[in-house]
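The structure appears right after this line, and notes come after that.
For clarity, every value in this text was computed on a predicted model and none was experimentally measured. Proteins come first, then strands; the chains are lettered A, B, ... in the order of their sequence lines, and each starts at number 1.
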Amino acid sequence: MELSQLFEDLLSIKPIFVNREVLRPSYTPDYLPHRKEQINRMATILVAAIRGETPSNILIYGKSGTGKTAVAKYVGRELERTCEVRRNPCTVLYINCEVVDTQYRVLYHLAGHFDREIPSTGWPTDQVYAEFKNGIDTESRTVIIILDEVDKLVKKGDEILYNLSRINSELDNAKVSIIGISNDLKFIEFLDPRVRSSLGEEEIIFPPYDANQLRDILEQRANMAFRQGTLDPEVIPLCAAFAAQEHGDARRALDLLRVSAELAERSQSDIVKEEHVRWAQDKIELDRIVEVVRTLPTQSKLVLYSMVLLNRKGLTTGEVYKVYKDLCHKTDMAVLTQRRVTDLISELDMLGIVNAIVVSKGRYGRTKEISVSTPTEQTKSVLLEDYRLKSLGGIRLKSVSIPVTQTRLYE
DNA sequence: CTTCCACGGGAACACTGGGGTG
DNA sequence: CACCCCAGTGTTCCCGTGGAAG
């Protein structure tokens, strides 16, 4: 086949997408359905900034995909716009604490917005703090700091939050207020009471979307994303229903819609059908797991591989550790302590790759009961892609001494 | 009531990649 | 240049603790 013909064929297929970008999580729409209440609430608090007062700090709660970030960014953008018109200096800074997750780096980013030259590492933290403080205090202005996923920050100490929440008393010209976004309702319990009261002056809750609301969101975006008539009428309700089961996650719903359409496109279908959605549902989950497993640190991979080899439900830490030690020797890796391996297993649990629950087996002590919750063979092959684990390819469990545990025999 | 095993918190340490000073 | 300081990360060491079988 001639090359030109090859592309001709592909081009003759009518594209399903008009604009794929509007379905991506990074896209912030101009209209946010079913969030009027929250938007108004936030605007009423932040309007103080336009009047030249310091707005209250805000805490925003809600599960993932309930529009917290989108609303915060949207209101922030509008606020900046209004302030600009009124020549009222106001800056909204957005920081995602999952990416920028230490106090040094938060301050480094903040100071960076005010043209302060700071090395990305090396300085004492208080010096960076002072630099940031001086940076904003050069003129009279309001600075709103949006800290997305603050719970990730708090896990490493609440010092920055403490400092930021009382920074106003050290400023002569500028004013600072903080918007914290969290999907963990309990995170505030870990805070110092002083930080808690100051940060939570105002609280806004984002309830999950129900299936109908998700449908509205999807329809609105679908109008921008697709050519007319490329969606089966079943598609949007189904995406909405699936996502509603996952605690009303709009991001998930949009992902589902986008992937469904991509799959339809790839299978050269002119329209997106119900089957594509079901297919997409599986694909998203599998892709996620493959990606997580692939990017695991090597030691975690070894631990996971041990469990995959054992290939049984209700493993105990002791068993896994014995196999793990053996694998370490075979691959020439450093052997970590059991204490550390317990942590690695807990991390795998958090990622949803394994299930681990602590059980007490009476006379036979306390342990974790672990089972791998991903398809064994696929997990195995992804793990073996790592060049450091290559040599484990043909390994059999019999080469590993199976511990004699009477414990396991009766359940 | 004892006993047992591993859980999991916390301190301490090692190491990395950067800075500033003499 | 040598040297020490700093934040951050991953690890080891130490140890108190849970809780049902025995």
Side-chain angles (χ1 to χ4, degrees), chain A residues 95-112 116-134 149-164 186-187 189-192 295-304 306-307 310 312-325 327-329 331-351 354-371 388 401-411:
Chain A
I95 291 187
N96 186 334
C97 302
E98 193 169 18
V99 188
V100 184
D101 62 350
T102 65
Q103 42 170 341
Y104 188 99
R105 289 206 270 268
V106 168
L107 290 168
Y108 165 77
H109 270 258
L110 290 175
R116 296 309 228 215
E117 294 288 326
I118 293 174
S120 60
T121 159
W123 281 10
T125 312
D126 26 344
Q127 196 173 340
V128 186
Y129 174 77
E131 202 68 24
F132 163 63
K133 199 179 68 189
N134 297 335
E149 323 228 15
V150 270
D151 37 330
K152 298 279 169 10
L153 245 189
V154 172
K155 295 209 174 88
K156 310 190 176 181
D158 53 9
E159 241 181 287
I160 342 99
L161 290 183
Y162 180 68
N163 289 331
L164 285 181
K186 283 177 298 181
F187 103 100
E189 292 169 17
F190 303 116
L191 292 175
D192 184 300
T295 55
L296 240 32
T298 320
Q299 289 288 359
S300 301
K301 284 183 181 169
L302 276 176
V303 173
L304 180 59
S306 313
M307 298 190 279
L310 283 161
R312 182 155 40 81
K313 287 196 185 306
L315 300 165
T316 65
T317 312
E319 287 173 299
V320 174
Y321 188 64
K322 285 201 179 99
V323 177
Y324 158 81
K325 258 201 298 201
L327 295 184
C328 283
H329 292 131
T331 49
D332 235 7
M333 302 278 307
V335 184
L336 300 181
T337 53
Q338 183 157 335
R339 174 70 187 83
R340 181 67 186 132
V341 170
T342 322
D343 279 346
L344 293 182
I345 293 176
S346 302
E347 281 166 28
L348 291 175
D349 184 25
M350 300 271 221
L351 291 170
V354 304
N355 278 315
I357 46 165
V358 292
V359 288
S360 194
K361 294 185 138 349
R363 190 66 231 297
Y364 300 110
R366 194 157 71 124
T367 186
K368 271 201 175 89
E369 285 212 324
I370 315 156
S371 34
R388 282 158 298 198
S401 58
I402 293 179
V404 196
T405 42
Q406 324 86 314
T407 344
R408 312 260 88 253
L409 298 180
Y410 32 78
E411 305 258 321

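Of the candidate nucleotides B/dG8, C/dG19, C/dT9, B/dG8 has the atom nearest to the side chain of A/K368. Among B/dG18, C/dC6, C/dG22, the nucleotide with an atom closest to any side-chain atom of A/T121 is B/dG18. Side-chain atoms of A/R105 lie closest to C/dG8 of the nucleotides C/dG22, B/dG8, C/dG8. With distances taken from any side-chain atom of A/Y364 to the nucleotides B/dA6, C/dA21, C/dC6, the minimum falls on C/dA21. Which of B/dG8, C/dG8, C/dG22 sits closest to the side chain of A/Y104 comes down to C/dG8.
With hydrogens and angles left out, the side chain of A/R340 and the base of C/dG10 share no donor-acceptor pair within 3.5 Å. Side-chain N/O atoms of A/R366 and base N/O atoms of B/dG8 include no donor-acceptor pair closer than 3.5 Å.
Residues A/L351 and A/L296 form a side-chain contact, since some pair of their non-hydrogen atoms from C-beta on lies under 4.5 Å apart. Within the 4.5 Å cutoff, the side chain of A/V335 has heavy atoms near those of the A/Y321 side chain.
Distances shown here put every side-chain N or O of A/R339 at or beyond 4.0 Å from the OP1 or OP2 atom of C/dT12. Using a 4.0 Å cut-off, no side-chain N or O of A/W123 falls inside it from OP1 or OP2 of B/dG18. Distances shown here put a side-chain N or O of A/T337 below 4.0 Å from the OP1 or OP2 atom of C/dT12. Between A/Y108 and C/dA7, a side-chain N or O to OP1/OP2 separation shorter than 4.0 Å is absent.
A/E159 meets the side-chain contact (heavy atoms from CB on, under 4.5 Å) test with A/Q103; sequence neighbours excluded.
Within 4.0 Å (heavy atoms only), A/V335 reaches sugar-phosphate atoms of the nucleic acid but no base atom.
Note that the CG atom of A/D343 and the CG atom of A/D349 stand 12.0 Å from one another [nearest 0.5 Å].
Taking atom CD of A/E117 as the reference point, atom C1' of B/dG18 lies 16 Å away to the nearest angstrom. In this entry the distance linking CG of A/L315 with C1' of B/dA6 reads 15 Å, nearest Å. Rounded to an integer number of Å, the gap from A/I357 CD1 to C/dG18 P is 19 Å. As a whole-Å value, the separation of A/D343 CG from B/dA6 P is 15 Å. Put simply, CD on A/E319 is 10 Å from P on B/dA6, counting in whole angstrom units. To the nearest angstrom, C1' of C/dA7 lies 14 Å from CD1 of A/I118. As rounded to whole Å, 7 Å separates atom P of B/dC5 from atom CZ of A/R363. At whole-Å resolution of the value, NZ in A/K155 and P in C/dG8 are 17 Å apart.
Exactly one of A/I345, A/L348, A/V320 qualifies for a side chain to side chain contact (heavy atoms under 4.5 Å, CB included) with A/L304. That residue is A/L348.
Both A/Q127 and A/Q338 lie near DNA chain B, and the one whose nearest nucleotide falls closer to the 5' end is A/Q338.
In terms of modelled atom types and a separation under 3.5 Å, the side chain of A/E131 and the main chain of A/Y108 share no donor-acceptor contact.
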